[in-house]
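See structure below.
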Number of protein chains: 2
Amino acid sequence: MPESDYPDIRGLHLFTEMSDEHFNALMRGSYVQNFPPQIDLIAEGDPSDFLHVVLTGSVELSSSWNGRETSMATVRPVSTFILAATIKDAPYLMSAKTVEKSRIALIPSQDVRNVFDVDPNFARAIVTELAQCYRSVVKSQKDLKLRTSLERLANYLLRQQIKFDGAAEFELQLEKRRLASFLGMTPENLSRAFKGLQPYGVKVNGNHITIKDQDDLMRFAKPTPLIDDYSI
Amino acid sequence: MPESDYPDIRGLHLFTEMSDEHFNALMRGSYVQNFPPQIDLIAEGDPSDFLHVVLTGSVELSSSWNGRETSMATVRPVSTFILAATIKDAPYLMSAKTVEKSRIALIPSQDVRNVFDVDPNFARAIVTELAQCYRSVVKSQKDLKLRTSLERLANYLLRQQIKFDGAAEFELQLEKRRLASFLGMTPENLSRAFKGLQPYGVKVNGNHITIKDQDDLMRFAKPTPLIDDYSI
DNA sequence: TTCAATACTTGATAAATGTCAAGCATTGGA
DNA sequence: TCCAATGCTTGACATTTATCAAGTATTGAA
């Protein structure tokens, strides 16, 4: 891997605290590649040979069964994916595909496991990251099981609003059909759900969202940190 | 904690490989308690002061929002719960309550974090356990998003059957209303779902399940290791 | 700029799931 | 042993969500 890419990766929580020696050892076997949009990076069921790091662009994680498919998450820079499969040396549970043109680092899983055993700081970082991932899925599970699709959309919009520093207007970061799948509904239903939020001051124009009265929407959405705050 | 309880805990994957010294250090601050059925052990949102280990009995993990409640998992001996909250020193995302009379070990979270930093074997075990937990939730998420309630029940029964070494008859380990909630449906719907599986050779009598023709049920359920095999 | 491909929306309808109410079955004290 | 409490089942109905089909809007490449 060219050393010019090191700083981006070094900046990740996962790699900030480890020793230079171990970091360099990890990087030696790794490489960075540019991918066009819509490229399949991994398929669920494949052996987990590499830990992936998204440096630019975005990657969608999805799963299929019996001819159906669902979007599980979208990974944005700078973060890793399929850490758990790498750690366990087990097959991927999700497929990954670039959404847009993306720059991705590939770190051999065996190297990750080796360095884990000798660098306590890296070990600590990995376990923190994994715990974070675990808690994110649990939150998402609660969202799915406890809320209707309208409530899920309302809370999604409020989470996005927080990402944009509480701005009253912002752009959706996902295509609507992808968002629908992520929220566990059909694209048709998402269209209707947006209409269903009009009485609470939500306006939609293409990807542009306007939230007229945040409090009004919050009274309906009833967000809670134990589902909606991905930082804890 | 009485030393007589040590072996049960030592037998857990999480604790087998660590040094005696560190294990004893962990145990010193811990204690074991017997709880009657239906006792609230932790509430979601509480700070995570202890890592819990179920030695006997069983514990249900659940979550609530806006007056609704859902069963997230049932923990059986010998295993831990709320490991992720302990590691992150973050609030619990789920509540826990004994289902039956249970014997539970409580290990101070701070001690777990301290020993993690000094015992590489323990660190490795924790990260493996966490990766396992993460992958379990992802599988459960796929189950929920990709399958109908009838398909979820069919696959649940096949998973239970495997637990009982493929026996054609076995007892449900959960109350039906708990099972319904775990599978993301109402008790009424679960009743109807059992009827819906009759054409595939499933017979129900109270908690007693008979699967007349496993192949028949499998043709309907279409189980896949990437959702249904909790060992990978 | 044009046009074909793709995404999105809408309405009509169907299927899945939830709710309510009532009755039956089981269970665990008194 | 009895019976009250709880869980389970069933039917009728309501709601939610999905499907299908058609039309509109948007996008990207020639």
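Just so we're clear, the structure is a prediction, and the values are computed from it rather than from any experiment. Every chain is numbered from 1 and lettered A, B, ... according to where its sequence line falls, protein lines coming before strand lines.
Regarding contacts with the backbone of C/dT17, a side-chain N or O of B/Ser149 is found under 4.0 angstrom from either OP1 or OP2. Side-chain N/O atoms of A/Thr186 include one lying less than 4.0 angstrom from OP1 or OP2 on D/dA18.
Per the geometry, CE belonging to B/Met185 stands 23 Å off P belonging to D/dT15, to the nearest Å. Distance CG (A/Leu144) to C1' (C/dT17): 15 Å, rounded to an integer number of Å. Per the geometry, CD belonging to A/Glu100 stands 15 Å off P belonging to D/dT27, to the nearest Å. Across the protein-nucleic acid pair, B/Lys195 atom NZ and C/dT17 atom C1' stand 17 Å apart, rounded to whole Å. The distance between atom CZ of A/Arg68 and atom P of D/dT17, rounded to the nearest whole Å, is 17 Å. Going from atom CZ of B/Phe194 over to atom C1' of C/dA25 covers 16 Å, rounded to whole Å. Rounded to a whole Å, the CG atom of B/Leu150 is 13 Å from the P atom of C/dG18. One can place CD of B/Glu151 at 12 Å from C1' of C/dA16, the figure rounded to the nearest angstrom.
The side chain of B/Asn189 lies closest to C/dT17 when the candidates are D/dT17, C/dT17, C/dA12. Across C/dT10, C/dT19, C/dC8, the shortest atom-to-atom separation from the side chain of B/Arg192 is found for C/dT19. Set against C/dC8, C/dT17, D/dG7, the side chain of B/Glu175 has D/dG7 as its closest nucleotide. Closest approach to the A/Arg177 side chain among C/dT9, C/dT17, C/dA7 is made by C/dA7 (side chain taken as heavy atoms from C-beta onward).
For the pair A/Lys163 and A/Phe170, the cation does not sit on the ring face, since its NZ or CZ is not both under 6.0 Å from the ring centre and inside 45° of the axis. For the pair A/Lys101 and A/Phe35, the NZ or CZ position fails the cation-pi test of under 6.0 Å to the six-membered ring centre and within 45 degrees of the ring normal.
With 3.5 Å as the limit, one finds a donor-acceptor pair spanning the side chains of B/Glu129 and B/Thr80. Between the side chains of B/Glu60 and B/Thr74, not a single donor N or O lies within less than 3.5 Å of an accepting N or O.
A/Ser30 meets the side-chain hydrogen bond (donor to acceptor under 3.5 Å, both in side chains) test with no other residue; sequence neighbours excluded.
Residue contacts shown for B/Gly196 are absent, as no nucleic acid heavy atom lies under 4.0 Å away.
A donor-acceptor contact under 3.5 Å is formed by the side chain of A/Glu188 with the base of D/dC20. Residue-to-nucleotide contacts include no donor-acceptor pair under 3.5 Å from the side chain of B/Arg178 to the base of D/dG7.
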